[in-house]
Amino acid sequence: MFVFKAGVVGAGTMGGEIAHVIADAGIPVVLKDVNQKFVDQGLEKARSLWQARVDAGKLDPEEQQRKLDLITGTLGYESFGDVDFVVEAVPERIEIKQTVFSELDEVTPGHAILASNTSSLSVTEMALATSRPERVVGFHFFYPASVMRLIEVIEGDETSLGTVQAAVNFAQAIRKTAIRCGEAPGFVVNRILNSSVSELWRAQEETGIDVKEIDRIVAESKAAPVGPFYLCDLLGLDTVLHVAEHLRDSYGDRFYVHARMRELVAERKLGAKTGEGFYEHRS
Ligand SMILES: NC(=O)c1ccc[n+]([C@@H]2O[C@H](COP(=O)([O-])OP(=O)(O)OC[C@H]3O[C@@H](n4cnc5c(N)ncnc54)[C@H](O)[C@@H]3O)[C@@H](O)[C@H]2O)c1
């Protein structure tokens with residue numbers, strides 16, 4: 001199946017970048033949110049990513065405008081009647097995802113594939129909200145989606161082989177590398193990532209070492225581009241906490257849940273997206 005037009009639902013930390021990746025490959029994409037502020041932020045995110053290439057002399061400004069024109073921001077579903085592939089990127093809560101999947105089932109053509117960027121939730125449960133469970137699949141980008149090459153294609157119980165193949169093809173069309181995985185908690189990447197980051201979280205709480213000091217040492221050692229606590233702020237503490245709790249519930253105490261992170265989420269200090277988390281972030 002060829003994707004002539006795509007949709008992205010949720011224009012937050014991930015949605016704007018996902019729309020950028022799709023439009024960068026020359027595919028028109030409609031970017032929907034429930035809040036105009038996030039639609040605008042998503043469009044601005046895409047524009048600024050191309051602007052960096054313009055500034056570096058790698059993209060001419062007319063081409064930037066042509067790419068930007070491929071993204072349509074919206075608060076409604078009126079432009080979803082001819083999409084072939086939708087990536088849902090709304091908050092990591094099953095009831096929100098199921099509502100969105102049921103809406104997408106109504107407004108998209110029957111052949112359209114409905115994909116979720118979920119980090120940990122059940123694709124099978126999302127598919128239950130639709131009349132086309134065989135066309136529902138996980139399509140898990142990594143932060144920042146404009147840079148990270150990998151996409152996990154996650155098969156729910158009812159996902160058809162044709163849908164998996166179409167998702168892998170679409171990943172290739174937008175210049176990503178797909179790996180197929182089953183619905184195991186954490187899939188592949190977050191299971192590996194969280195097992196190592198768990199030890200840093202545990203050590204921080206056991207020793208009381210300042211999180212900024214840990215970040216500085218990790219970044220200076222070049223073990224990772226940024227330290228683990230700063231990274232959590234960029235990813236969104238609500239999303240990181242949800243994944244951490246899911247892995248702990250699924251695999252036991254070898255996966256750690258950072259207590260201060262839980263407090264910050266309870267205070268709605270979610271990191272860069274709200275302006276404060278482990279760090280303060282200027283907008
Ligand atoms: N943040 C990450 O690093 C990351 C990485 C990979 C996958 N994910 C997954 O991507 C999804 C989105 O995460 P995020 O970090 O972008 O979240 P986010 O909180 O930054 O953004 C979610 C957006 O969805 C919008 N939204 C809420 N309800 C909606 C609805 N009914 N219809 C349309 N839009 C709606 C919100 O207004 C918000 O703009 C989650 O499933 C998360 O697990 C996140």
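All ligand and atom numbering here is 1-based and tracks the order in the structure.
- Neither the backbone nor the side chain of His242 comes within contact range of ligand 1; no heavy atom lies under 4.0 Å.
- Of all atoms in ligand 1, numbered sequentially from 1 with element shown, those under 4.0 Å from a heavy atom of Val9 are 32 (N), 33 (C).
- On a distance-only criterion, Phe142 and ligand 1 share no N/O pair closer than 3.5 Å.
- Look at Glu92 and Lys97 and you find a salt bridge, because one of the NZ, NE, NH1 or NH2 atoms lies within 4.0 Å of a carboxylate O, short of that distance.
- Close approach of ligand 1 to His140 (heavy-atom distance below 4.0 Å) involves ligand atoms 6 (C), 7 (C).
- Side-chain contact check for Ser48 and Glu44: no donor-acceptor pair (N or O, by modelled atom type) lies under 3.5 Å.
- At distances below 3.5 Å, at least one donor-acceptor pair connects side-chain atoms of Asp33 with backbone N or O atoms of Ala11.
- Counting non-hydrogen atoms of neighbouring residues, nucleotides and ligands closer than 6.0 angstrom, the CD atom of Glu220 exceeds 12 such neighbours.
- Using a 4.0 Å cut-off to heavy atoms of Val100, the atoms of ligand 1 that qualify are 30 (C), 31 (N).
- Near Gly12, meaning under 4.0 Å from any of its heavy atoms, are these atoms of ligand 1: 16 (O), 20 (O), 21 (O), 23 (C), 39 (O).
- For Glu103, the CD atom sits in a packed shell: over 12 heavy atoms of surrounding residues, nucleotides or ligands are nearer than 6.0 Å.
- For atom 30 (C) of ligand 1, the closest non-hydrogen atom of the protein is Val34 CG1, 3.5 Å.
- Closest heavy-atom approach to atom 4 (C) of ligand 1 within the set Met148, Met14, Gln36, Lys37: this belongs to Met14.
- In terms of modelled atom types and a separation under 3.5 Å, the side chain of Glu155 and the main chain of Gly182 share no donor-acceptor contact.
- For ligand 1, the atoms sitting less than 4.0 Å from at least one non-hydrogen atom of Thr239 are 15 (O), 42 (C), 43 (O), 44 (C), numbered in the order shown with element in parentheses.
- Within 6.0 Å of CG in Asp55 there are more than 12 heavy atoms belonging to other residues, nucleotides or ligands.
- Close contacts of ligand 1 with Phe38, meaning ligand atoms under 4.0 Å from a residue heavy atom, involve 37 (O), 39 (O).
- Formation of a donor-acceptor pair under 3.5 Å by the Arg175 side chain with backbone atoms of Ile22 is not found in this model.
- The shortest N or O to N or O distance between Asp33 and ligand 1 is under 3.5 Å.
- Of the polar atoms of Asn35, none of the N or O atoms is found under 3.5 Å from an N or O of ligand 1, judged by distance alone.
- Judged by the 6.0 Å distance and 45° axis criteria, Lys32 is not positioned over the aromatic ring of Phe80.
- For the pair Arg191 and Phe255, the cation-pi test (distance below 6.0 Å, angle within 45°) is failed.
- For Arg93, the CZ atom counts as loosely surrounded, since its 6.0 Å shell holds 12 or fewer non-hydrogen atoms of other residues, nucleotides or ligands.
- An N or O contact shorter than 3.5 Å is missing between Glu103 and ligand 1 by distance.
- Looking at Val243, Leu237, Leu104, Val90, it is Val90 that brings a heavy atom closest to atom 34 (N) of ligand 1.
- Within the set Thr13, Val8, Thr74, the minimum heavy-atom distance to atom 15 (O) of ligand 1 is found for Thr13.
- Considering both main-chain and side-chain atoms, Asn117 comes within under 3.5 Å of ligand 1 through a nitrogen or oxygen pair.
- Residue Lys273 holds the heavy atom nearest to atom 17 (O) of ligand 1 of all those in Glu92, Glu17, Lys273.
- For atom 27 (C) of ligand 1, the nearest protein heavy atom (residue, atom name, distance) is Pro91 CD, 3.3 Å.
- Interface atoms of ligand 1 facing Thr118, defined by a heavy-atom separation under 4.0 Å, are 41 (O).
- Annotation: Ser119 places an N or O atom under 3.5 Å from an N or O atom of ligand 1; distance criterion only.
- Between Phe139 and Phe141, the two ring planes are perpendicular [angle over 60°; tilted spans 30° to 60°].
- Between the choices Cys232, Ala89, Gly10, Gly271, the shortest heavy-atom distance to atom 12 (C) of ligand 1 belongs to Ala89.
- Between Phe170 and Phe85, the ring planes lie tilted relative to each other; the angle falls in the 30° to 60° range.
- An N or O contact shorter than 3.5 Å links Leu235 to ligand 1 by distance.
- Here is the list of ligand 1 atoms found below 4.0 Å of a heavy atom in Phe141: 6 (C), 7 (C).
- Between Tyr256 and His258, the ring-plane angle classifies as perpendicular under the 30° and 60° cut-offs.
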